[in-house]
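A quick note: this is a predicted structure, and the numbers were derived from the prediction, not measured. Because only heavy atoms are used, hydrogens play no part in the values below, and waters and symmetry mates are left out as well, while side chains stay in.
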Amino acid sequence: MRRQPPTRRFLVRSGAILGLAALVPGLGACVADGLITGTADGPERQSALDVSPVLLVATTRRPVGSPPKAPWFNSERGRGLSFAEVRVSAPDRSLIGKVSSAVGGDWAVTAVPQVETGKGAAGAFAQAAFGRDVLIYVHGYRESFESAAVSAAKLSDGIRFNGASALFTWPSAAATFDYGYDRESALWSRDAFEDLLKALANSPSGGRINIVAHSMGTLLTLETLRMLRAEAGEAAMARIGAVVLAAPDIDIDLFTNSIERLGPDVSKITVISSTKDRALELSSTIAGGVVRAGAADRERLEALGVRVADASDYGGGLINHDLFLTNPDVQGVVKRAVARAGGGA
């Protein structure tokens, strides 16, 4: 049979589709280093958290009761590091469940059976994660324990992480006007976070330690990594896999100094930035007008040696501060960073 030439309607329609793909980020191939869209190739495996919904939690918050009861941990500073294996409930994967989750939420904390506080907490965490790669989420400003735990679960499940899902949560007041308290609480938690990373690095299990930090949590993370490198050396840093800093709420000058102190370990770092992040605009105003690292120009960040995923063209909301949790393409940056590090996703 003779093949018919394409009709004019077909050519016009094809040209329109190709033109749209060039203009719309969601249809293009690559819009930034590490930020790739349109690459989904079928259903993925379940996350380990979906199969066994236990979140490993290390915290410097004060527990609410013994054993804790809701809200489990409050905004007060506790007595050093605490560890708990927190039970969470996975969302309903049915169609009805997906509709209801859009209204009432999805992941939730259901129980905190036991808390270990003191010198043995870091070791207990490492033992619970033994033999597995770890994904540690470090939350940002204005977060309660429960909201941070839900974000950690959503992140781990979203990238289909196959290791131990974890949260490091510090005493945020979870209030809009307590920015100063939150910042001081984050910095106060550096020693505890370093103790945790040392315990994991010294564990003979061989698993990688992947860290995803958001907003003010990136300040805590960078400061702790500086301390870890200075005190525990290359052996400890070798266990660190991917370090993803999402919307880092850090003065760009302080960020530059911290990055330079990490030496060759800077290659582990991926920054998710956006010049349209309204939360970072407000933070910059509070901080005297100095640009925050998460809102800096891509070229300025890349000059420091970090990978940069510029998410400025993503998200249609007013704030655009948590795109790594809400936008699948931006969340894919985290997945690929962990995969590059051999971290089990």
Side-chain angles (χ1 to χ4, degrees), residues 47-90 105-130 132-140 142-158 161 163-174 182 185-186 188-200 203 205 207 209-214 216-217 220-221 224 325:
S47 65
L49 187 65
D50 195 29
V51 175
S52 178
V54 176
L55 188 68
L56 304 184
V57 173
T59 182
T60 49
R61 295 176 183 262
R62 185 184 295 275
V64 179
S66 182
K69 57 184 179 181
W72 320 110
F73 297 91
N74 60 30
S75 62
E76 297 179 25
R77 296 167 185 170
R79 297 181 178 179
L81 185 68
S82 293
F83 164 67
E85 294 187 72
V86 173
R87 305 295 190 265
V88 293
S89 60
D106 45 10
W107 289 91
V109 176
T110 59
V112 182
Q114 185 177 353
V115 176
E116 180 167 349
T117 300
K119 293 183 179 180
F125 186 109
Q127 183 60 40
F130 191 86
R132 295 181 287 172
D133 296 321
V134 184
L135 179 68
I136 303 176
Y137 175 61
V138 185
H139 64 82
R142 205 180 64 173
E143 292 280 2
S144 68
F145 165 72
E146 289 185 279
S147 67
V150 168
S151 292
K154 289 175 65 175
L155 172 66
S156 183
D157 186 56
F161 188 69
S165 301
L167 167 68
F168 183 87
T169 174
W170 45 274
S172 166
D182 274 22
S185 290
W188 173 78
S189 300
R190 289 174 296 182
D191 290 339
F193 193 22
E194 184 189 17
D195 289 343
L196 176 66
L197 295 182
K198 281 181 178 177
L200 287 169
S203 171
S205 72
I209 309 161
N210 302 288
I211 303 171
V212 178
H214 179 226
M216 193 178 285
L220 166 58
T221 297
T224 303
L325 287 175

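Within the 4.5 Å cutoff, side-chain heavy atoms of Val88 are placed close to those of Leu49. In this structure the side chain of Leu196 never reaches within 4.5 angstrom of the side chain of Thr224, judged on heavy atoms. Contact of the Ser156 side chain with the Tyr137 side chain is not registered, since no non-hydrogen atoms from C-beta on lie closer than 4.5 Å. Between Ser172 and His139, some side-chain heavy-atom pair lies under the 4.5 Å cut-off. Residues Val109 and Trp72 are in side-chain contact: their nearest non-hydrogen atoms beyond the backbone lie under 4.5 Å apart. Annotation: side chain of Thr60 is in contact with side chain of Pro171 (closest heavy-atom distance under 4.5 Å). Using a 4.5 Å heavy-atom cutoff, the side chains of Phe161 and Asn210 are in contact.
Considering every non-hydrogen atom in both Pro53 and Trp107, the closest pair reads CB-CZ3, 4.4 Å. Across every non-hydrogen atom of Leu220 and Ser189, the tightest pair is CD1-C, 3.9 Å.
Residue Asp157 holds its CG atom at 8.5 Å from CG of Asp106, rounded to the nearest 0.5 Å. Put simply, CG on Leu167 and CG on Leu56 are 10.0 Å apart, with the number rounded to the nearest 0.5 Å. Atoms CG and OG, on Asn74 and Ser144 in that order, are 11.0 Å from each other to the nearest 0.5 Å.
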Item to complete: Starting from the C-alpha separation in whole Å, work towards a yes-or-no answer on side-chain contact (heavy atoms from CB on, under 4.5 Å) for Phe73 and Val115.
Response: CA-CA 10 Å; Phe73 297 91; Val115 176; 3.8 Å; yes
Discussion item. Go through it in stages, so that I can follow the logic: the residues are Val138 and Trp170, the test is side-chain contact (heavy atoms from CB on, under 4.5 Å), and I'd like the CA-CA distance, side-chain angles, deciding distance and then a yes or no.
Written reply: CA-CA 8 Å; Val138 185; Trp170 45 274; 4.2 Å; yes
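Ring geometry for Phe125 versus Phe83: interplanar angle over 60°, hence perpendicular rather than tilted (30 to 60°).
Remark: the Arg61 side chain and the Thr169 side chain contain an N/O donor-acceptor pair separated by less than 3.5 Å.
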